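The block underneath contains the structure these notes are about, expressed in structure tokens.
Residue numbering restarts at 1 for every chain, and letters A, B, ... go by the order of the sequence lines. A quick note: this is a predicted structure, and the numbers were derived from the prediction, not measured.
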Number of protein chains: 2
Amino acid sequence: MSDLLERLRGRGWRMTAQRRVVAEVLDGDHVHLTADEVHARAVSRLPEISRATVYNTLGEMVSLGEVLEVSTDRRAKRYDPNAHRPHHHLVCARCGAIRDVHPAGNPLADLPTDERYGFMVSGVEVTYRGICPNCAATA
Amino acid sequence: MSDLLERLRGRGWRMTAQRRVVAEVLDGDHVHLTADEVHARAVSRLPEISRATVYNTLGEMVSLGEVLEVSTDRRAKRYDPNAHRPHHHLVCARCGAIRDVHPAGNPLADLPTDERYGFMVSGVEVTYRGICPNCAATA
DNA sequence: ATCCTACAATGGACATTGTCCAAGTCAAGC
DNA sequence: GCTTGACTTGGACAATGTCCATTGTAGGAT
């Protein structure tokens with residue numbers, strides 16, 4: 001079942017049909033869906049759910065730290081239910097396919113103090129870009 | 001003068017007043033301007049330049065590899081004339097300020113083969129996030 | 001110097017993604 | 001089964017960017 005749903009319930013979230021559906025959609029596929037893709041899938045289970053609700057719900061799950069927002073391109077944000085395992089992303093420049101990756105090394109440690117300009121550095125995102133096997137074959 | 005302009009001319013670019021202005025604006029400040037900021041500054045030198053032209057011109061400079069597109073947030077793309085010195089970015093989560101940084105280490109080498117899923121990996125972007133001294137002071 | 005022509009610029013419509021808000025609805029506690 | 005405050009709705013709006021038909025022009029040819 002939905003671990004995500006359990007975690008959210010455990011935080012005193014008011015449970016509604018809409019929120020349940022959004023959580024189930026996200027947790028169902030471990031792909032990186034856009035908000036509108038989530039909406040489309042949610043609609044097929046709960047036809048009257050609105051776009052605004054999907055956006056709100058995703059935003060709340062992100063605030064709670066249960067879902068990650070991923071922006072690998074300038075199009076839509078994508079939502080990653082895999083928030084509790086730190087990881088980075090590998091993106092196909094042609095088709096946009098995304099894979100979670102776990103590089104060795106610690107990029108945070110690689111930023112020397114004199115390159116921090118007094119910032120309190122709290123996080124780092126790494127996005128690898130390339131061509132996926134599929135697209136390479138169809139080149 | 002404008003090195004960027006020289007490089008572009010050297011590639012057989014057809015030179016127009018609009019393109020010259022865009023290149024000069026970009027090369028003038030080494031900040032990371034959005035397309036609309038470039039447009040605003042371009043207008044003050046060449047009042048009739050259109051938004052579409054600025055977008056087109058920036059896009060062409062990116063295609064030629066003379067300018068980098070930077071997407072540190074989901075708002076507007078930013079344009080970085082510093083395309084020939086590889087670097088990454090440090091972004092203030094509060095005010096959006098951006099600094100170029102040069103971390104040690106090689107993230108590309110940190111991605112093991114068995115985490116590449118058959119992709120031809122060609123590049124990597126690293127975005128550090130934190131709070132800049134200014135925003136930390138005004139917390 | 002003038003003309004030609006392919007390439008560039010224009011501006012306005014359109015597309016995509018996302019946010020906001022006032023009004024209606026409902027989950028959960030009493 | 002009420003009540004109430006939180007949730008949902010749908011549509012307007014905003015920001016960024018793209019597209020396209022029309023008009024203009026840089027730069028080579030004559």
* To do: Quick one: list whatever passes salt bridge (Lys or Arg N to Asp or Glu O under 4.0 Å) with Glu66(B), sequence neighbours left out.
  => Arg7(B), Arg11(B)
* Are Leu26(A) and Leu58(A) close enough that some pair of their side-chain heavy atoms sits under 4.5 Å apart? -> yes
* Asked: By salt bridge (Lys or Arg N to Asp or Glu O under 4.0 Å), which residues pair with Arg78(B), not counting sequence neighbours?
  -> Glu37(B)
* Asked: For the pair made of CD in Gln18(A) and P in dA6(D), what is the distance, rounded to whole Å?
  -> 17 Å
* To do: Using salt bridge (Lys or Arg N to Asp or Glu O under 4.0 Å) as the criterion, list what pairs up with Arg99(B), not counting sequence neighbours.
  => none
* Exercise: identify the closest heavy-atom pair between Val70(B) and His89(B) -> CG2-CE1, 3.6 Å
* Taking atom C1' of dA6(D) as reference, at what distance in whole Å does atom CD of Glu60(A) sit? -> 10 Å
* Could you list the residues that satisfy side-chain hydrogen bond (donor to acceptor under 3.5 Å, both in side chains) with Thr72(A), not counting sequence neighbours? => none
* Heavy-atom check, side chain of Asp73(B) versus side chain of Val91(B), under 4.5 Å -> no
* Between Ala104(B) and Pro112(A), which heavy-atom pair has the shortest distance, and what is it? -> N-CD, 4.4 Å
* Structure fact -> Expected list for residues 69-83 of chain A near DNA chain C, using heavy atoms below 4.0 Å, is Arg75(A), Ala76(A), Lys77(A)
* What residue pairs, at least two apart or across chains, pass salt bridge (Lys or Arg N to Asp or Glu O under 4.0 Å) with a residue in residues 112-128 of chain A? -> Glu125(A)-Arg129(B)
* For DNA chain D, find the residues of residues 42-54 of chain A with a heavy-atom distance under 4.0 Å and give them by number; none if there aren't any. => Glu48(A), Ile49(A), Ser50(A), Ala52(A), Thr53(A)
* Could you list the residues that satisfy side-chain hydrogen bond (donor to acceptor under 3.5 Å, both in side chains) with Arg19(A), not counting sequence neighbours? => Glu60(A)
* **Shared-cluster residues of Leu108(B), by chain and number - hydrophobic side chains joined below 4.5 Å** => Leu90(A), Val101(A), Leu108(A), Leu111(A), Tyr117(A), Phe119(A), Val121(A), Val124(A), Val126(A), Tyr128(A), Leu90(B), Val101(B), Leu111(B), Tyr117(B), Phe119(B), Val121(B), Val124(B), Val126(B), Tyr128(B)
* Do any pairs count as a ring pair (Phe, Tyr, Trp, His ring centres under 6.0 Å) and have a residue in residues 46-83 of chain A, sequence neighbours left out, and if so which ones? -> none
* Contact summary for Pro107(A) and Gly105(A), nearest pair of heavy atoms -> CD-O, 3.8 Å
* On DNA chain C, which is the earliest and which the latest nucleotide, 5' to 3', with an atom closer than 4.0 Å to a heavy atom of chain B? -> dA6(C) to dG11(C)
Under 3.5 Å between N/O atoms: give me all the protein pairs with nucleotides 27-30 of chain D, atom names plus distance.
unit_1  : atom_1 : unit_2   : atom_2 : d
dG27(D) : OP1    : Met15(B) : N      : 3.1

